[in-house]
Protein chains: 2
Amino acid sequence: MILMTWKLDSDRPIYSQLVEEIRMQIVSGAYPPGSKLPSVRELASDAGVNPNTMQRAFTELERNGLIETRRTNGRFVTEDGTLIRSIRRELAGEQLTDFFHKMEQLGYQKQEVLSLITSVYEEESLQ
Amino acid sequence: MILMTWKLDSDRPIYSQLVEEIRMQIVSGAYPPGSKLPSVRELASDAGVNPNTMQRAFTELERNGLIETRRTNGRFVTEDGTLIRSIRRELAGEQLTDFFHKMEQLGYQKQEVLSLITSVYEEESLQ
DNA sequence: ACTACTGTACTAAGTAATTAATACAATAAT
DNA sequence: ATTATTGTATTAATTACTTAGTACAGTAGT
């Protein structure tokens, strides 16, 4: 059982946000490979959404291959650690390119972005 | 007249995306302070959306103070360059914190993030 | 065998976003 | 004065998302 924050906003479809949250939990290792996920009803209750909405999120998630369904037993995270790490890298790459693209749109030169980043690292001591 | 890309997806309300696009155009200087914006109908036609939707986007935008409305003459970007730069910095800060937060969620240590960033800079030559 | 839990499916209702089609008052341009 | 353009308002219809409620078949645990 994992205590998840489920910070959902109303600016996007809830099922999309659920997909992203759960996928994040899997690729970050919160749900290890092969582990059993809580049931649709339990997760729905936990997130405060309708079971149908959570069901829809799982349906979307299954197409990635990140989770497998055993019909009347529950859902499980894939054992394929390589796939998980691959998707993790993919998501990180998207974050990186999106970030640089937005900063470029905002008119920030790469040098400025770099100095902003280093200033962040100076505030919080490097771990 | 500005040629805008209007890359809209269906995963979020269109009016929200319009708000972000136009705000980006203003703070990045594509629409200079004091300049006149195209009419609701023209921008709506340009973006391929309903005039009502564009109208809604402008209503949202006006609360930031970035644009001013002269009742039957049109809309204009504010002359307040300080406000514009302030919002630009604010948006950049959000991008930065969101990025680091997501990478942290993905389980990336700060060191890893830093090395990813520097590798990006090595690919594209610094301008 | 029985019970509880599993994923799944279905219908109905409500809400928000979007489009469409008008219409109106005020002003700039002529 | 007249015309065209401006922002704005209104109503109706459509679509997508969400919730609610119910139901069914299969299986693990007892």
Side-chain angles (χ1 to χ4, degrees), chain A residues 1-2 4 6-23 25-26 31 34-79, chain B residues 1-2 4 6-23 25-26 31 34-79:
Chain A
M1 177 78 78
I2 295 182
M4 214 178 295
W6 298 116
K7 45 172 189 292
L8 306 172
D9 61 79
S10 58
D11 199 39
R12 285 180 311 150
I14 295 178
Y15 78 90
S16 297
Q17 301 179 54
L18 295 176
V19 167
E20 294 172 12
E21 285 280 346
I22 299 170
R23 184 171 49 201
Q25 296 294 324
I26 293 176
Y31 287 116
S35 65
K36 182 174 186 175
L37 294 165
S39 73
V40 172
R41 293 171 177 81
E42 186 179 347
L43 270 183
S45 165
D46 186 46
V49 301
N50 192 277
N52 299 333
T53 307
M54 186 61 75
Q55 168 77 17
R56 178 165 183 180
F58 273 123
T59 304
E60 295 281 325
L61 266 172
E62 214 149 18
R63 294 193 306 205
N64 291 94
L66 276 180
I67 62 178
E68 293 163 5
T69 301
R70 299 177 199 161
R71 189 64 173 74
T72 60
N73 195 10
R75 286 193 172 83
F76 297 81
V77 177
T78 180
E79 303 272 4
Chain B
M1 177 77 80
I2 295 183
M4 212 178 297
W6 298 116
K7 43 172 190 295
L8 307 172
D9 62 79
S10 58
D11 198 38
R12 286 180 310 150
I14 295 178
Y15 78 91
S16 296
Q17 301 180 54
L18 295 176
V19 166
E20 294 172 13
E21 284 281 346
I22 299 171
R23 184 172 50 201
Q25 296 295 324
I26 293 177
Y31 287 117
S35 64
K36 182 174 184 175
L37 294 165
S39 73
V40 172
R41 293 170 177 82
E42 187 178 346
L43 271 183
S45 165
D46 187 46
V49 301
N50 192 277
N52 298 335
T53 309
M54 186 61 74
Q55 168 77 16
R56 178 165 183 182
F58 274 123
T59 304
E60 294 282 325
L61 267 171
E62 213 149 17
R63 294 194 306 207
N64 292 94
L66 275 181
I67 63 178
E68 294 163 2
T69 300
R70 299 177 200 160
R71 188 65 173 73
T72 61
N73 195 10
R75 288 193 170 84
F76 297 82
V77 177
T78 179
E79 303 273 4

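First the proteins, then the strands, lettered A, B, ... as listed; each starts at 1.
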Q: Measure across B:P38 and B:L43 and return the closest heavy-atom pair with its distance rounded to 0.1 Å.
A: CB-CG, 3.7 Å
Can you tell me the distance, in whole Å, between the [atom1] atom of [X] and the [atom2] atom of [N]?
| X | N | atom1 | atom2 | result |
| --- | --- | --- | --- | --- |
| A:Q17 | D:dC17 | CD | P | 13 Å |
| A:N50 | C:dA12 | CG | P | 17 Å |
| A:M54 | C:dT6 | CE | P | 14 Å |

Q: Hey, could you give me each pair passing salt bridge (Lys or Arg N to Asp or Glu O under 4.0 Å) that has a residue in residues 51-64 of chain A? Not counting sequence neighbours.
A: A:E60-A:R63
(Q) Can you tell me if A:T53 touches the phosphate of D:dT19, counting only side-chain N or O atoms and a distance under 4.0 Å to OP1 or OP2? (A)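 For D:dT19, OP1/OP2 do have a side-chain N/O of A:T53 under 4.0 Å.
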Could you pull out every donor-acceptor pair under 3.5 Å between side chains of residues 7-14 of chain A and any protein atom, sequence neighbours left out?
residue: A:D9; atom: OD1; partner: A:D11; partner atom: N; Å: 2.9
residue: A:D11; atom: OD1; partner: B:S16; partner atom: OG; Å: 3.3
residue: A:R12; atom: NH1; partner: A:E20; partner atom: OE1; Å: 3.4
residue: A:R12; atom: NH1; partner: A:E20; partner atom: OE2; Å: 3.1

What pairs with [X] under side chain to side chain donor-acceptor pair (under 3.5 Å), at least two apart in sequence or on another chain?
| X | result |
| --- | --- |
| B:R75 | B:T69 |
| A:N73 | none |
| B:N50 | B:N52 |

Q: Could you run through nucleotides 3-16 of chain D and give me one letter per nucleotide, 5' to 3': B if any protein heavy atom sits under 4.0 Å from the base, S if only the sugar-phosphate is that close, - if neither?
A: ---BBBBB------
